[in-house]
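Here is the structure we will look at, set down as structure tokens.
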Amino acid sequence: MLKLGVPSKGRLMEKTFDWFGARGVGLRKSGSDREYAGAVDGFDGIELVLLSAGEIPRELAAGNIHLGVTGSDLVREKLANWDSRVAELAPMGFGGADLIIAVPQGWVDVNTLDDLDAAAAAFRRKHGFRLRIATKYHRLVREFLREQGVADYQIVDSQGATEGTVKNETAEAIADITSTGETLRANGLKILDDGLIHASQATLFRGLRNNWTDEQRAKLKALQLVLGI
Ligand SMILES: Nc1ncnc2c1ncn2[C@@H]1O[C@H](COP(=O)(O)OP(=O)(O)OP(=O)(O)O)[C@@H](O)[C@H]1O
Ligand SMILES: O=P(O)(O)OC[C@H]1O[C@H](OP(=O)(O)OP(=O)(O)O)[C@H](O)[C@@H]1O
């Protein structure tokens, strides 16, 4: 059996079912609405596993599932050296969202990462501590800011309602996912001109752990043929 991990709820789950269904592979929840059991119609040898989108990267890397659908942002955030542990088989064209850095609209002189760097140095001199960036994307934000030469900041963890941290004065800037931009606007924040960290979308991945049988490798080839990827 090839184990396929799919997000267990919401839009990502439904659109994943639609994407496979449009290619002749039927995925569905098999139990009651609240039960996380799945079934596959129209293709033998695949087992559907319903999981939290955030856990799918780790399960792929561990070899507990062979294939998985999740956001490209989550794979990069959850796995160090992600591309040595999983491989992208197909971008799926939904679940699009941008991971960005945003600052208060009132910071009229701060529009770029260079401006942020200067503001961060000034902030530290004035307040005696580093400018705080609230995010749940610790790895991606650290890597991005290191590459861009911004150093004088600290990350504060925020697992939800991240845009509210600035008004609540627990952070000066944020890094989060945005799609329509409504939440940023409603919280008086603006995206830095060069503040796009990653443009994410739902993606089908395979794990690269070397624990596959010949039969499983052949099964993946057959599936790729059916899906046209
Ligand atoms: N508007 C949006 N807001 C949040 N995430 C979005 C949005 N649009 C697309 N996504 C993507 O959806 C994925 C997150 O999905 P979800 O919140 O179900 O994951 P999760 O954190 O594992 O959830 P849970 O732990 O509650 O099961 C990410 O890849 C993210 O980029
Ligand atoms: O650009 P927009 O269309 O306004 O969407 C972006 C918002 O949606 C997400 O939050 P979600 O409601 O999924 O909950 P979360 O805060 O737990 O991530 C994300 O974290 C942003 O807050």
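Since this is a predicted model, take the numbers as computed values, not measurements. Just so you know, ligand 1 is whichever comes first in the structure, and atom 1 is the first atom listed for that ligand.
Remark: Glu172 engages Arg132 in a salt bridge, criterion side-chain N to carboxylate O under 4.0 Å.
Within 4.0 Å of ligand 1, protein heavy atoms belong to Lys9, Arg11, Leu12, Ser52, Ala53, Gly54, Gly71, Asp73, Leu74, Gly95, Gly96, Ala97, Ile177, Ser179, Ser200, listed by chain and number. Sorted by chain and number, the heavy-atom contacts of ligand 2 below 4.0 Å come from Lys136, Gly160, Ala161, Glu163, Asp176, Ile177, Thr178, Ser179, Thr180, Gly181, Glu182, Thr183.
Of all non-hydrogen atoms in Ala173 and Leu131, the two that sit nearest each other are CB-CD2, 4.4 Å.
Here the OG atom belonging to Ser72 is positioned 3.0 Å from the NE2 atom belonging to His198, to the nearest 0.5 angstrom. Atom-to-atom distance recorded for Arg11:CZ and Lys9:NZ is 11.0 Å, nearest 0.5 angstrom.
Looking only at distances, a side-chain donor or acceptor of Gln154 sits under 3.5 Å from a matching main-chain atom of Arg130.
For Ile229, the side-chain contact (heavy atoms from CB on, under 4.5 Å) partners are Trp19, Leu89, Ala90, Leu204, Gln224, Leu227, not counting sequence neighbours. For Phe17, there are no ring pair (Phe, Tyr, Trp, His ring centres under 6.0 Å) partners at least two apart in sequence or on another chain.
Within the 4.5 Å cutoff, the side chain of Leu2 has heavy atoms near those of the Trp212 side chain.
Of the N and O atoms on the side chains of Thr112 and Asp115, at least one donor lies less than 3.5 Å from an acceptor on the other residue.
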